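This structure is in structure tokens; I'll ask about it shortly.
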Amino acid sequence: MKKYQKPVIIKVDFSMASKYGSPLKTQKIRSEIDGINVRDLVKEYGSPLFVFSQRAIENKYNEFKEAFTSRYPDTEFWWSYKTNYLDAICKIYHKLGSKAEVVSEFEYDKARSLGVEGKDIIFNGPYKPKEALKKAVKEGAKIHIDHWYEINDLEEIAHEFGREIPVAIRCNMNTGIYPQWSRFGFNIENGEAFDAIKRIYEGKKLILNGLHSHIGTFILTPSAYAIETKKLIELKNRAQEEFGFEIEYIDVGGGFASKNRLKGVYQPPEVIVPSADEYAEAITTAIFENNKGKLPKLYLETGRALIDEAGFLLTSVFASKRLPDGKKSYIVDAGVNILYTAFWYNFDIALDRRYDGLNEPSQINGPLCMNIDVIAENIMLPPLERGSVLSIWPVGAYNITQSMQFIQYRPRVVLIDKSGNTHIIREADDLDYVREKEILPDYLK
């Protein structure tokens, strides 16, 4: 006997109709990840649960590697630690040949703890304490200078160590992207970047051997990278001609988009997100067309585009209710404390199986006692029961590193290897872990 479903009147919105059929009947199903049933994963490891696919990681890495090295063989990938710094994830990229790009002393230490040598670490970021710089200099890391104070600090360190220090500078510029990322590095258009190079030359303690820029995040316009690369190459040419610096590499940063859907964007990711080949063509063509003298190495700090699509979040329906506006609200066990990017993405959300009944306008809310805890504001869903498993994708970029113990514990993270075996790569939080660094004064005991 079928369970009774209370009738619901749904206003038909013909603007939602498409060649794919009525949204009242369409259901997106993702019952497995790399051949493993999502319900079985939740049963074994709990819910919510982050799941990463090693096969997806390697496929995407190889796609980008082929796109760039087939056009420009002297290309190196530097894994962006801030995107996802779980040990297992970083190790996969390092085994694939990627080096490390870090933006803090914490990330630097993490890379070293994983066996990455200093010479294989790019040390970026606007805040590098002097002691961290000393450590990076001693270990031969590639230091990318962000501001004038850092030039002074490094010159003092060079004097203390009695040797010259190879460095790169970070540049910012107008590439037609809004908002322009102008707070990092030295501006090219107003001459500040050239002045920094001149200052380094006149100081006689640092040797400029690289130029770097990171123009933004989730960049959907390959031509912006062509502009960035052209300006870096022109600056390289000038630095070589006027000061005799040998610029060994240019670093065009990251910012390549994944197949995610930004809020406010109408077209699907499959239509608007450029391919690896499109990014590669724009960047490498600009090098060949503008370079003078020896060709530099090309560095890429690719993060999001490599890992985002390899990550899934499984979450279970706990309850449902009818909101005053008639919309159905489903309460799930994953909140924005572990899915921070929900604030700017409309994720691909799929069901674990096909459900009876028609879809209706729904909302997915997390377990937090906060009105902002919304995973999906407008989604067509059929009647779901307690225990229904939803898979949210892609979530591999930034959600792990930006997650927090706000109201709820952080969940387990599982990796599926290429043989279909599952491995816990981070345990769930518990009270002892959360309180580990707390100290209760004696007078309050």
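All values derive from a computational prediction rather than experimental measurement.
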> Any side-chain heavy atom of Phe347 within less than 4.5 Å of one from Leu339?
Replying inline: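 Counting from C-beta outward, Phe347 and Leu339 do come under 4.5 Å.
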> Taking the six-membered ring where the residue is Trp, are the ring centres of His214 and Trp181 under 6.0 Å apart?
Replying inline: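 Under 6.0 Å, so yes.
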> Would you call Glu150 and Lys128 a salt bridge, taking side-chain N to carboxylate O under 4.0 Å as the test?
Replying inline: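 A salt bridge links Glu150 with Lys128.
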>> Whether the side chain of Gln180 engages the backbone of Met173 through a donor-acceptor N/O pair (distance < 3.5 Å, no angle test) should be reported.
In response: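 The answer is yes, because a donor-acceptor pair under 3.5 Å joins these two groups.
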> Is the backbone of Gly326 close enough, under 3.5 Å, to the side chain of Arg322 for a donor and an acceptor to pair up by distance?
Replying inline: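 Yes, Arg322 side chain to Gly326 backbone: donor-acceptor pair under 3.5 Å.
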>> Arg112: which residues meet the side chain to side chain contact (heavy atoms under 4.5 Å, CB included) condition with it, sequence neighbours left out?
In response: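 Side chain to side chain contact (heavy atoms under 4.5 Å, CB included) check on Arg112 returns Tyr108, Ile121, Glu139.
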Enumerate, atom names and distances included, each donor-acceptor pair closer than 3.5 Å involving a side-chain atom of residues 438-445, sequence neighbours excluded.
from: Asp442; atom 1: OD1; to: Lys445; atom 2: NZ; distance (Å): 3.1

> Would you find more than 12 non-hydrogen atoms of other residues, nucleotides or ligands less than 6.0 Å from Tyr249 atom OH?
Replying inline: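 Above 12, so yes.
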> Measuring from Ser362:OG to Ile364:CD1, what's the distance to the nearest 0.5 Å?
Replying inline: 8.0 Å
> Taking C-beta and beyond as the side chain, do Asn399 and Leu313 meet within less than 4.5 Å on heavy atoms?
Replying inline: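 Side-chain contact under 4.5 Å: no.
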>> More than 12 heavy atoms of other residues, nucleotides or ligands under 6.0 Å from OH of Tyr266: yes or no?
In response: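 No, not enclosed.
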> Do side-chain atoms of Ser53 reach the backbone of Ala310 as a donor and acceptor pair under 3.5 angstrom?
Replying inline: no
When the side chains of residues 65-72 are checked against the rest of the protein, which donor-acceptor pairs come out under 3.5 Å, sequence neighbours left out?
from: Thr69; atom 1: OG1; to: Lys65; atom 2: O; distance (Å): 2.6
from: Ser70; atom 1: OG; to: Glu66; atom 2: O; distance (Å): 2.6
from: Ser70; atom 1: OG; to: Ala67; atom 2: O; distance (Å): 3.4
from: Arg71; atom 1: NE; to: Glu281; atom 2: OE1; distance (Å): 2.7
from: Arg71; atom 1: NH1; to: Ala67; atom 2: O; distance (Å): 2.8
from: Arg71; atom 1: NH1; to: Asp277; atom 2: OD1; distance (Å): 2.8
from: Arg71; atom 1: NH2; to: Asp277; atom 2: OD1; distance (Å): 3.4
from: Tyr72; atom 1: OH; to: Pro296; atom 2: O; distance (Å): 2.4

> For the atom pair CZ (Arg170) and CG (Asp146), what is the distance rounded to the nearest 0.5 Å?
Replying inline: 6.5 Å
>> Taking the basic N atoms (NZ, or NE/NH1/NH2) and the acidic carboxylate oxygens, is any pair closer than 4.0 Å for Arg30 and Asp352?
In response: no
>> Within this structure, what is the CD-OG distance for the pair Glu101 and Ser80, rounded to the nearest 0.5 Å?
In response: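 The distance works out to 5.0 Å.
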>> The criterion is salt bridge (Lys or Arg N to Asp or Glu O under 4.0 Å); which residues satisfy it with Lys110, sequence neighbours excluded?
In response: Asp87
> Under 6.0 Å between the ring centres of Trp344 and Phe218?
Replying inline: no
>> Is the shortest side-chain heavy-atom distance between Asn187 and Ser182 below 4.5 Å?
In response: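 Side-chain contact under 4.5 Å: no.
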>> Please find the pair of heavy atoms, one from Thr175 and one from Ile227, that lie closest to each other, and give the distance.
In response: O-CD1, 3.5 Å
>> Is the shortest side-chain heavy-atom distance between Glu301 and Ile122 below 4.5 Å?
In response: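 When only atoms from C-beta onward are counted, Ile122 and Glu301 do touch, with a gap below 4.5 Å.
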> Would you say the side-chain atoms of Thr315 pair up with the backbone N or O of Ala334, donor to acceptor, closer than 3.5 Å?
Replying inline: yes
>> Under a 3.5 Å cutoff, is there a donor and acceptor pairing between the side chains of Gln405 and Asp429?
In response: yes
> Is it true that the side chains of Tyr355 and Ser388 contain a donor and an acceptor less than 3.5 Å apart?
Replying inline: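 Side-chain D/A pair, Tyr355 to Ser388: present.
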> Between atom CD1 of Ile143 and atom CD1 of Ile169, what is the distance when rounded to the nearest 0.5 Å?
Replying inline: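 These two atoms lie 14.5 Å from each other.
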> Are the side chain of Arg304 and the backbone of Ala257 linked by a donor-acceptor contact shorter than 3.5 Å?
Replying inline: no
> When rounded to the nearest 0.5 angstrom, what is the spacing between CZ in Phe52 and CD1 in Ile33?
Replying inline: 10.5 Å
> Under the 3.5 angstrom rule, does the side chain of Ser47 hit a backbone N or O of Ser316 as a donor-acceptor pair?
Replying inline: yes
> For the residue pair Tyr61 and Phe64, is the inter-centroid distance of their aromatic rings smaller than 6.0 Å?
Replying inline: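 Ring-ring flag for Tyr61/Phe64: false, centres at least 6.0 Å apart.
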>> One thing to verify: whether Glu309 and Lys60 come together as a salt bridge, which I'm taking to mean a side-chain N less than 4.0 angstrom from a carboxylate O.
In response: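 A salt bridge links Lys60 with Glu309.
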>> Keeping Tyr330 on the side-chain end and Leu384 on the backbone end, is there a donor-acceptor pair under 3.5 Å?
In response: yes
> With no hydrogens and no angle check, is any side-chain donor or acceptor of Asn209 less than 3.5 Å from a backbone partner on Pro166?
Replying inline: no
>> Arg261 vs Asp348, test: salt bridge (Lys or Arg N to Asp or Glu O under 4.0 Å). Steps then yes/no.
In response: CA-CA 8 Å; Arg261 185 194 294 264; Asp348 178 294; over 6 Å; no
> Are the side chain of Asn84 and the backbone of Leu86 linked by a donor-acceptor contact shorter than 3.5 Å?
Replying inline: yes
> How about Lys138: does its NZ atom have over 12 heavy atoms from other parts shown lying under 6.0 Å from it?
Replying inline: no
> Sequence neighbours excluded, which residues qualify as salt bridge (Lys or Arg N to Asp or Glu O under 4.0 Å) partners of Asp333?
Replying inline: none
> In chain order, what residues pass the ring pair (Phe, Tyr, Trp, His ring centres under 6.0 Å) check against His212, with sequence neighbours excluded?
Replying inline: His144
> After noting the C-alpha distance and the side-chain angles of Ile287 and Leu232, does the key distance pass the side-chain contact (heavy atoms from CB on, under 4.5 Å) rule?
Replying inline: CA-CA 9 Å; Ile287 296 176; Leu232 286 178; over 6 Å; no
> How long is the span from the CD1 atom in Ile89 to the CZ atom in Arg426, to the nearest 0.5 Å?
Replying inline: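 CZ of Arg426 is found 11.0 Å from CD1 of Ile89.
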>> Can a side-chain donor-acceptor contact be found between Thr422 and Tyr45 if the only test is distance below 3.5 angstrom?
In response: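 Yes, because at least one side-chain N or O of Tyr45 sits under 3.5 Å from a partner of the opposite role on Thr422.
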>> Testing the basics here: between Ala111 and Ala100, what is the closest heavy-atom pair and its distance to 0.1 Å?
In response: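 Reported closest heavy-atom pair: CB-CB, 4.1 Å.
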> What closest approach, in Å, do Asn190 and Glu192 show between heavy atoms, and which atom pair accounts for it?
Replying inline: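 Taking every non-hydrogen atom into account, OD1-N, 2.9 Å.
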> What residues, two or more places apart in sequence or in another chain, satisfy salt bridge (Lys or Arg N to Asp or Glu O under 4.0 Å) together with Glu189?
Replying inline: Lys231
> How would you list all residue pairs meeting ring pair (Phe, Tyr, Trp, His ring centres under 6.0 Å) that involve residues 412-433, not counting sequence neighbours?
Replying inline: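 Qualifying pairs, neighbours excluded: none.
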>> Test: side chain to side chain donor-acceptor pair (under 3.5 Å). Region: residues 364-380. Which pairs qualify, not counting sequence neighbours?
In response: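 Qualifying pairs, neighbours excluded: Lys263-Glu377, Lys327-Asn378, Ser329-Asn365, Gln363-Asn365.
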>> Would you say that Ile407 contacts Met370 through its side chain, given a criterion of any heavy-atom pair below 4.5 Å between the two side chains?
In response: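 Of all side-chain heavy-atom pairs linking Met370 with Ile407, at least one is under 4.5 Å.
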>> So, using ring pair (Phe, Tyr, Trp, His ring centres under 6.0 Å) as the criterion, who are the partners of His147 when residues are at least two apart?
In response: none
>> Closer than 3.5 angstrom, by distance alone: can the side chain of Thr229 be matched with the main-chain N or O of Ala226 as a donor-acceptor pair?
In response: no
>> A side-chain contact here means heavy atoms from C-beta on lying under 4.5 Å apart; do Phe184 and Pro126 qualify?
In response: yes
>> Just to verify, what does Tyr279 make a ring pair (Phe, Tyr, Trp, His ring centres under 6.0 Å) with, not counting sequence neighbours?
In response: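 Expected list: Tyr225, Phe256.
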>> Quick one, Phe186 and Ile151 - any side-chain contact, counting heavy atoms below 4.5 Å?
In response: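 The answer is yes; the side chains approach within 4.5 Å.
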> How would you list, by chain and number, every residue that makes a salt bridge (Lys or Arg N to Asp or Glu O under 4.0 Å) with Lys99, sequence neighbours excluded?
Replying inline: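 Salt bridge (Lys or Arg N to Asp or Glu O under 4.0 Å) list for Lys99, sorted by chain: Glu76, Asp120.
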